[in-house]
Amino acid sequence: MATFTRQYRPSTLDDVEEIENYCPRGFHPINIEYEIEGRYKVVHKLGHGGFSAVWLARDKLTECYVALKIIVASIRQDCKELGVLQTLLKETTCHPGRNSVISLLDNFMIEGSNVRHVCLVLQVAGPSTTSLNYSPSAVARSQRLRSHLTLKVAKQIVQALGFVQAQGFCRGGLTILNFLFRLNDSINT
């Protein structure tokens with residue numbers, strides 16, 4: 001049985017993925033100002049998870065910001081997220097939760113040094129509800145969301161989950177980290 005030997009020390013910085021995940025079947029290396037598909041110019045890293053890294057990019061065609069979610073190469077053949085987002089995109093019902101679910105704007109494959117990667121182009125979302133808990137209110141000096149905001153957030157989460165379930169999908173592994181605030185259109189000005 002082969003054992004894994006680290007070549008690099010793990011990062012002591014928060015929210016930084018392991019450099020060793022940039023390997024065949026792993027993450028796709030991206031640089032700021034990297035241009036993808038001749039259309040999307042990377043301007044900032046938004047985050048990462050176990051299966052993807054997410055980058056803020058400027059769409060040269062629409063002149064809007066987008067989120068590029070680049071999936072690790074090891075799951076490109078079985079990217080269930082792409083199928084779910086494509087199905088949700090086709091749904092035109094007036095369900096109250098429809099506008100609380102992020103939309104797929106585009107998708108394509110990226111050819112890279114670590115083989116091929118699925119790239120999802122998504123609407124840019126704001127901070128997670130969790131991150132707001134750690135941004136103390138200047139007025140209340142509290143680390144909790146105010147009650148009226150908590151109720152609005154809870155209602156939108158329930159409506160979004162209702163929309164997803166109405167399309168025949170069930171979201172597993174729900175955590176508060178998965179819920180992001182929608183940014184208004186002024187981000188693009």
Side-chain angles (χ1 to χ4, degrees), residues 13-17 21 27-72 75-76 79-92 95-110 112 117-135 145 149-150 152-164 167 169 171 173-189:
L13 301 173
D14 289 337
D15 205 27
V16 176
E17 68 274 23
N21 289 338
F27 287 110
H28 178 68
I30 297 283
N31 292 317
I32 302 300
E33 301 209 6
Y34 184 76
E35 198 169 288
I36 300 174
E37 293 286 292
R39 178 174 174 179
Y40 304 104
K41 186 173 184 178
V42 175
V43 296
H44 184 72
K45 183 172 180 189
L46 295 174
H48 73 281
F51 301 106
S52 66
V54 182
W55 299 86
L56 179 66
R58 185 76 173 176
D59 182 343
K60 292 171 31 178
L61 183 65
T62 65
E63 297 185 359
C64 292
Y65 287 103
V66 296
L68 301 178
K69 185 172 189 175
I70 303 175
I71 311 295
V72 295
I75 62 169
R76 77 172 191 273
C79 187
K80 291 182 175 77
E81 184 174 2
L82 174 58
V84 170
L85 289 170
Q86 287 173 326
T87 301
L88 294 178
L89 184 63
K90 292 176 191 172
E91 187 52 51
T92 59
H95 192 285
R98 175 67 189 103
N99 288 335
S100 295
V101 175
I102 203 155
S103 290
L104 179 69
L105 304 174
D106 192 9
N107 72 90
F108 49 86
M109 298 295 288
I110 296 176
H117 300 261
V118 173
C119 182
L120 308 177
V121 182
L122 307 165
Q123 296 168 310
V124 177
S128 71
T129 51
T130 302
S131 68
L132 292 183
N133 280 338
Y134 297 106
S135 301
L145 296 177
L149 182 56
T150 301
K152 286 181 181 181
V153 169
K155 180 180 178 183
Q156 289 176 7
I157 289 172
V158 168
Q159 288 175 333
L161 291 173
F163 170 70
V164 171
Q167 309 318 308
F169 298 106
R171 176 67 169 103
L174 287 177
T175 70
I176 202 69
L177 290 169
N178 294 344
F179 299 105
L180 306 176
F181 285 93
R182 182 178 301 268
L183 299 175
N184 64 29
D185 291 334
S186 67
I187 185 176
N188 292 310
T189 57

Side-chain heavy atoms of Leu85 within contact of Leu122, under 4.5 Å
yes
Phe108, CZ: over 12 other non-hydrogen atoms inside 6.0 angstrom
yes
NZ (Lys69) and SG (Cys119) are apart, to the nearest 0.5 Å, by 11.0 Å
Could you check whether any side-chain heavy atom of Leu104 comes within less than 4.5 Å of a side-chain heavy atom of Leu82, counting everything from C-beta outward?
yes
Could you go through the side chain to side chain contact (heavy atoms under 4.5 Å, CB included) check for Leu180 and Ile102 one step at a time?
CA-CA 9 Å; Leu180 306 176; Ile102 203 155; 5.7 Å; no
Minimum heavy-atom separation for Leu88 to Arg98, with atom names?
O-NH2, 3.6 Å
Specify the closest pair of heavy atoms between Leu46 and Ala67, including all atoms of both residues, with the distance to one decimal.
CD1-CB, 4.2 Å
What's the separation between atom OH in Tyr65 and atom CZ in Arg58, rounded to the nearest 0.5 Å?
5.0 Å
State, with a plain yes or no, whether a side-chain heavy atom of Val153 is found less than 4.5 Å away from one of Phe179.
no
Tell me whether Gln123 contacts the main-chain N or O of Ser103 through its side chain, where contact means a donor paired with an acceptor under 3.5 Å.
yes
Which pair of non-hydrogen atoms, one from Asn31 and one from Tyr34, has the smallest distance, and what is that distance?
O-CB, 2.8 Å
Does some side-chain heavy atom of Asn107 sit less than 4.5 Å from a side-chain heavy atom of Gln86?
yes
Say you draw a straight line from CD1 of Ile36 to CG of Leu68; how long is it, rounded to the nearest 0.5 Å?
5.0 Å
Side-chain heavy atoms of Ile71 within contact of His117, under 4.5 Å:
no
For Phe163 and Gly97, which heavy atoms make the closest approach, and how far apart are they?
CB-C, 3.8 Å
With the side chain counted from C-beta on, respond yes when Arg39 and Asp106 share a heavy-atom pair under 4.5 Å apart, and no when they do not.
yes
Nearest 0.5 Å please: distance from the OH atom of Tyr40 over to the CD1 atom of Ile110.
10.5 Å
To the nearest 0.5 Å, tell me how far Trp55 CH2 sits from Lys41 NZ.
15.0 Å
Closest heavy-atom pair, Gln159 versus His95, reported as atoms and distance to 0.1 Å, is O-CE1, 3.4 Å
